Amino acid sequence: MKKILLLLLLPVFLFAQKKETIKLNYPVKDYTGTTKSLEVIDIRQNKKLNDIVFRGKYYSFVFPTDDLSQDIENWFEKTNKKREKGVNEIVLLVEDLNISNEVRNKEIFCILDMKFSTFLKKGDNYYFLKRYDNMISLNTKEVGGIPDLFVENTQKVLQTLMFETYRATPLDIAIPSHNLTAYNEILKSNYAAFSSTQLKDGVYLDYKSFFEQTPIENYQLVRNSGEVVRAVNAKDDRIPARKIYSFVENGKVYKNSQAGFLDLEKDERGYFVMGNKFMLFPEEINVSSAYFLFGAVGGIAAGIEFNIKYNKALKGEKDKIYIDFLNGEYSFVK
């Protein structure tokens, strides 16, 4: 159905085409002065960005020279001309970057899907630094200027990733160069949450401690009317519920969220909650979805309207939303 609709619309859009260039104008200067070089490895099967339909026009997307790897490397060199004291060889792995249309319930959505990972290269080994892996889906009827937003967001995500990479501490797990594309499974096998047959009961304060299976010691959960309100130890030191990342009880794990503690389930891909964007991020009800890529927080809407939309989200359709074990973030990639 999706392909048929787009084909029917295609003759109209062919007369109204527009090319969008991802110009890479934002600064990516390494203020730590530790980076010697940046190498971009593009492992996408399709190196071309797809075209999309948006409000009567047909949009195509390109990088400045139509060579993503070279353009990003040039971008880095342009704002990092003095690197004599740099020692770190950084590698950016481009795993996914795609823009596409999708038809749902006779409405057209624009999809931006991005997955980038960075590594520190030492000899023939790579050491993981940072990752961005997420997607955004925007209804063309509800959000204006989507092509421009996608262009800006692509640059902004890459810029933010580079700034985080410069300051990141690499994992101490060496990934051989011939196995770089298998880094996810190699790293996953080193985390107890994936390799252990039984999760450890206890309270976890962040995603790292959960995936490493190192709960804080000697803390017990306190409930009020069945709801977890805090964790305490024998000295009556207290940790409020809002500071608890997750807890495991009788081998079953519960993940904290703005919708309360949710069951955290596991399948062959990883750990996930059943939910939707507005249920996990109710503040996004009041923010243009275009800003969701950066976790922007909007102002509070009128109480009645907010509650109606939030309750609708709680009762609405839910999907598997995975937790990225390398950064702790929700991934809305399906």
Side-chain angles (χ1 to χ4, degrees), residues 22-44 47 63-97 113-134 152-191 194 206-209 211-212 214 293-295 323-329 331:
I22 302 173
K23 298 179 181 179
L24 302 175
N25 287 331
Y26 293 126
V28 287
K29 183 175 179 59
D30 175 17
Y31 291 101
T32 71
T34 59
T35 305
K36 176 182 178 181
S37 63
L38 173 68
E39 177 187 1
V40 179
I41 302 176
D42 186 358
I43 62 172
R44 295 175 299 156
K47 299 295 192 291
F63 280 81
T65 68
D66 210 21
D67 184 338
L68 177 148
S69 296
Q70 190 61 58
D71 286 334
I72 295 178
E73 289 176 4
N74 291 341
W75 182 31
F76 168 80
E77 292 178 1
K78 182 179 179 180
T79 53
N80 292 277
K81 294 181 179 180
K82 296 181 179 181
R83 305 193 300 278
E84 295 83 2
K85 297 182 180 180
V87 295
N88 295 337
E89 296 179 33
I90 303 299
V91 172
L92 170 65
L93 189 66
V94 180
E95 301 173 76
D96 195 7
L97 175 57
D113 198 343
M114 294 184 284
K115 185 175 183 180
F116 308 109
S117 300
T118 57
F119 302 83
L120 177 65
K121 182 179 180 181
K122 290 184 178 181
D124 292 329
N125 292 322
Y126 294 81
Y127 298 84
F128 177 84
L129 290 168
K130 286 290 180 178
R131 175 160 75 182
Y132 181 90
D133 179 15
N134 228 317
E152 293 302 304
N153 283 335
T154 301
Q155 298 177 77
K156 191 65 178 178
V157 164
L158 284 166
Q159 180 196 43
T160 302
L161 178 66
M162 291 307 302
F163 285 156
E164 292 177 347
T165 293
Y166 299 145
R167 294 167 174 77
T169 300
L171 296 183
D172 59 3
I173 303 169
I175 302 168
S177 57
H178 65 276
N179 271 342
L180 179 59
T181 57
Y183 79 91
N184 191 74
E185 294 307 312
I186 293 173
L187 296 180
K188 185 185 288 187
S189 67
N190 283 271
Y191 283 85
F194 295 104
D206 54 38
Y207 75 94
K208 289 184 178 180
S209 63
F211 286 108
E212 292 172 352
T214 54
L293 284 171
F294 312 123
I323 311 295
D324 190 330
F325 72 99
L326 291 174
N327 59 30
E329 297 175 359
S331 176

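Keep in mind that this is a model prediction, so the values were computed, not measured. The figures here come from the full heavy-atom set of this structure, side chains too, leaving out hydrogens, waters and symmetry mates.
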State, to 0.1 Å, how close [X] and [Y] come at their nearest heavy-atom pair, and which atoms those are.
| X | Y | answer |
| --- | --- | --- |
| Lys23 | Gln155 | C-OE1, 3.9 Å |
| Phe63 | Asp71 | CB-OD2, 3.2 Å |
| Val91 | Lys121 | CG2-CB, 4.1 Å |
| Arg131 | Lys115 | NH1-CE, 4.0 Å |
| Tyr183 | Leu326 | CE1-CD1, 4.1 Å |
| Met114 | Thr154 | SD-CA, 3.9 Å |

Strictly under 6.0 Å, is that where the ring centroids of Tyr191 and Phe325 end up?
->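 Aromatic pair counts; centres sit under 6.0 Å.
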Reported [atom1]-to-[atom2] distance for the pair [X] and [Y], which is rounded to 0.5 angstrom:
| X | Y | atom1 | atom2 | result |
| --- | --- | --- | --- | --- |
| Ile175 | Leu187 | CD1 | CG | 4.0 Å |
| Glu89 | Lys36 | CD | NZ | 5.0 Å |
| His178 | Asn125 | NE2 | CG | 9.5 Å |
| Asn153 | Gln159 | CG | CD | 12.0 Å |
| Ile186 | Leu180 | CD1 | CG | 8.5 Å |

For [Y], does its backbone N or O pair with a side-chain atom of [X] as donor and acceptor, under 3.5 Å?
| X | Y | value |
| --- | --- | --- |
| Ser209 | Asp206 | yes |
| Asn88 | Ile90 | no |
| Asn80 | Phe76 | yes |
| Glu95 | Ile43 | no |
| Asp324 | Glu329 | no |
| Asp30 | Thr35 | yes |

Verdict with reasoning, Tyr126 to Ser177, per side chain to side chain contact (heavy atoms under 4.5 Å, CB included) | CA-CA 7 Å; Tyr126 294 81; Ser177 57; 3.5 Å; yes
Before giving the answer on side chain to side chain contact (heavy atoms under 4.5 Å, CB included), spell out for Leu38 and Trp75 the whole-Å C-alpha distance, their side-chain angles and the decisive distance to 0.1 Å.
-> CA-CA 10 Å; Leu38 173 68; Trp75 182 31; over 6 Å; no
Check the pair Leu97, Phe116 against side chain to side chain contact (heavy atoms under 4.5 Å, CB included), reporting the backbone distance first and the verdict last.
-> CA-CA 8 Å; Leu97 175 57; Phe116 308 109; 4.2 Å; yes
Under 3.5 Å, side-chain donor or acceptor atoms of residues 161-170 against the rest of the protein: list the pairs with distances, not counting sequence neighbours.
| unit_1 | atom_1 | unit_2 | atom_2 | d |
| --- | --- | --- | --- | --- |
| Thr165 | OG1 | Thr118 | OG1 | 2.8 |
| Thr165 | OG1 | Leu161 | O | 2.7 |
| Tyr166 | OH | Val28 | O | 2.6 |
| Arg167 | NH1 | Phe163 | O | 3.4 |

Please walk me through it: do Leu92 and Leu158 pass side chain to side chain contact (heavy atoms under 4.5 Å, CB included)?
-> CA-CA 10 Å; Leu92 170 65; Leu158 284 166; 4.2 Å; yes
Using a cut-off of 6.0 Å, state whether more than 12 heavy atoms not belonging to Lys188 lie near its atom NZ.
->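 More than 12 heavy atoms, drawn from other residues, nucleotides or ligands, come within 6.0 Å of this atom.
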Neighbour count >12 (heavy atoms, 6.0 Å) for atom NZ, Lys208 =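 For Lys208, atom NZ is not crowded (no more than 12 foreign heavy atoms under 6.0 Å).
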With sequence neighbours excluded, tell me which residues meet side chain to side chain donor-acceptor pair (under 3.5 Å) with Asp42.
->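 Only Arg44 meet the side chain to side chain donor-acceptor pair (under 3.5 Å) criterion with Asp42.
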Contacts of Tyr207 that satisfy side chain to side chain donor-acceptor pair (under 3.5 Å) - sequence neighbours left out =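 With neighbours one apart ignored, the set is empty.
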